[in-house]
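Notes for the one structure printed next.
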Amino acid sequence: QVQLVESGGGLVQPGGSLKLSCAASGRSFSNYNMGWLRQAPGKDREFVAAISRNAGSTKYADSVKGRFTISRDNTKNTVNLQMNSLKPEDTAVYYCAAERTTFLTNVARLYDYWGQGTQVTVSS
């Protein structure tokens, strides 16, 4: 099992940048694909980005492609999400999650472990 703790959320103006971090504890962090998913008030949880076990592959939702970058460091058991050119519609609680499917998935129910979430608010 793995425990996940997100950090780095906060209030940022439209067009600004924010970096989220996820610290993992437990065994075999490198056995998991890692993802970021978000949930806005009154909306379903939606996929944002994912990265494979060895960081060889990434996947992004169309809504964030070109603006967000996911990365991981298996020596530090961390995964990050660099968010640039933020928009008000990016406002949500962002969750770090881990899964062990063969390839990257954007299906929330396939993720096995979740962090507590961190709030990101984009507003002027």
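Everything numeric in this text was worked out from a predicted model, so none of it was measured.
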**Request:** Test the R72-F29 pair against the cation-pi criterion, namely NZ or CZ under 6.0 angstrom from the six-membered ring centroid and within 45° of the ring axis.
**Result:**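 Flagged: R72 positioned over aromatic ring of F29.
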
**Item:** Six-ring centre of Y95, R38 cation under 6.0 angstrom, axis tolerance 45°
**Value:**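 Verdict for Y95: no cation-pi partner in R38.
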
**Request:** Indicate yes or no for a side-chain donor-acceptor contact from T78 to the backbone of A23 under 3.5 Å, with no hydrogens or angles considered.
**Result:**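 Judged by distance alone, no pair lies under 3.5 Å.
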
**Asked** Can any side-chain N or O of E6 pair as donor or acceptor with the backbone N or O of G117 at less than 3.5 Å?
**Response**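 Indeed, once roles are kept as given, a pair shorter than 3.5 Å links the two residues.
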
Would you compute the distance between atom [atom1] of [X] and atom [atom2] of [Y] and round it to the nearest 0.5 angstrom?
X	Y	atom1	atom2	result
L37	E46	CG	CD	8.5 Å
L18	N84	CG	CG	10.0 Å
S28	R53	OG	CZ	11.0 Å
K19	L81	NZ	CG	10.0 Å
Q119	Y94	CD	OH	9.5 Å
T101	N33	OG1	CG	5.0 Å

Provide the closest heavy-atom pair for [X] versus [Y] in the form atom of the first, atom of the second, distance.
X	Y	answer
V79	M34	CG1-CE, 4.0 Å
S30	N74	CB-ND2, 3.6 Å
P14	S124	CD-N, 3.6 Å

Counting C-beta onward and ignoring hydrogens, is there a side-chain heavy-atom pair between [X] and [Y] closer than 4.5 Å?
X	Y	result
D90	M83	no
S123	P88	no
L20	F68	no
Q13	V122	no

**Request:** Using the side chain to side chain contact (heavy atoms under 4.5 Å, CB included) rule, take L104 and S52 through it: C-alpha gap first, then chi angles, then the decisive distance, then the call.
**Result:** CA-CA 7 Å; L104 304 181; S52 62; 4.0 Å; yes

**Distance-only polar pair, side chains of N80 and S21, donor-acceptor under 3.5 Å** =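 Their side chains do contain a donor-acceptor pair, which is all the 3.5 Å distance test asks for.
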
**Residue pair Q3 / S25, side-chain donor-acceptor N/O under 3.5 Å** =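 There is such a pair (donor and acceptor under 3.5 Å, judged by atom type) between the side chains of Q3 and S25.
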
I'd like to know if [Y] and [X] are part of one continuous hydrophobic network [Ile/Leu/Val/Met/Phe/Trp/Tyr, side-chain heavy atoms within less than 4.5 Å].
X	Y	answer
V120	W114	no
V64	F47	no
V93	L4	no

**Request:** Any pair with a residue in residues 21-124 that passes disulfide bond (SG atoms under 2.5 Å apart), sequence neighbours left out, goes on the list, sorted by first then second residue, please.
**Result:**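 Residue pairs passing disulfide bond (SG atoms under 2.5 Å apart), neighbours aside: C22-C96.
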
**Asked** Among I70, N106, V48, whose side chain to side chain contact (heavy atoms under 4.5 Å, CB included) with Y60 holds?
**Response**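 Running side chain to side chain contact (heavy atoms under 4.5 Å, CB included) over I70, N106, V48 with Y60 returns exactly one hit, I70.
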
**Request:** Assess whether side chain to side chain contact (heavy atoms under 4.5 Å, CB included) is satisfied between D44 and Q39, documenting all intermediate values.
**Result:** CA-CA 6 Å; D44 293 333; Q39 188 165 24; 5.6 Å; no

**Message:** For the CG atom on N54, are there more than 12 heavy atoms of other groups (residues, nucleotides or ligands in this structure) within a distance under 6.0 Å?
**Reply:**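 More than 12 within 6.0 Å, yes.
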
**Message:** If you count every heavy atom of other residues, nucleotides or ligands that lies below 6.0 Å from Q1 atom CD, does the total exceed 12?
**Reply:**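 Atom CD in Q1 is not crowded, with 12 or fewer foreign heavy atoms closer than 6.0 Å.
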
**Request:** Test side chain to side chain contact (heavy atoms under 4.5 Å, CB included) on R100 and Y111 and set out the steps.
**Result:** CA-CA 8 Å; R100 292 184 287 180; Y111 284 84; over 6 Å; no

**Message:** One pair to check against side chain to side chain contact (heavy atoms under 4.5 Å, CB included): S71 and Q82. What are the steps and the verdict?
**Reply:** CA-CA 8 Å; S71 62; Q82 177 66 51; over 6 Å; no

**Prompt:** Should the pair Y32 and Y113 be assigned to parallel (<30°), tilted (30 to 60°) or perpendicular (>60°) ring geometry?
**Reply:**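 The rings of Y32 and Y113 stand perpendicular, inter-plane angle above 60°.
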
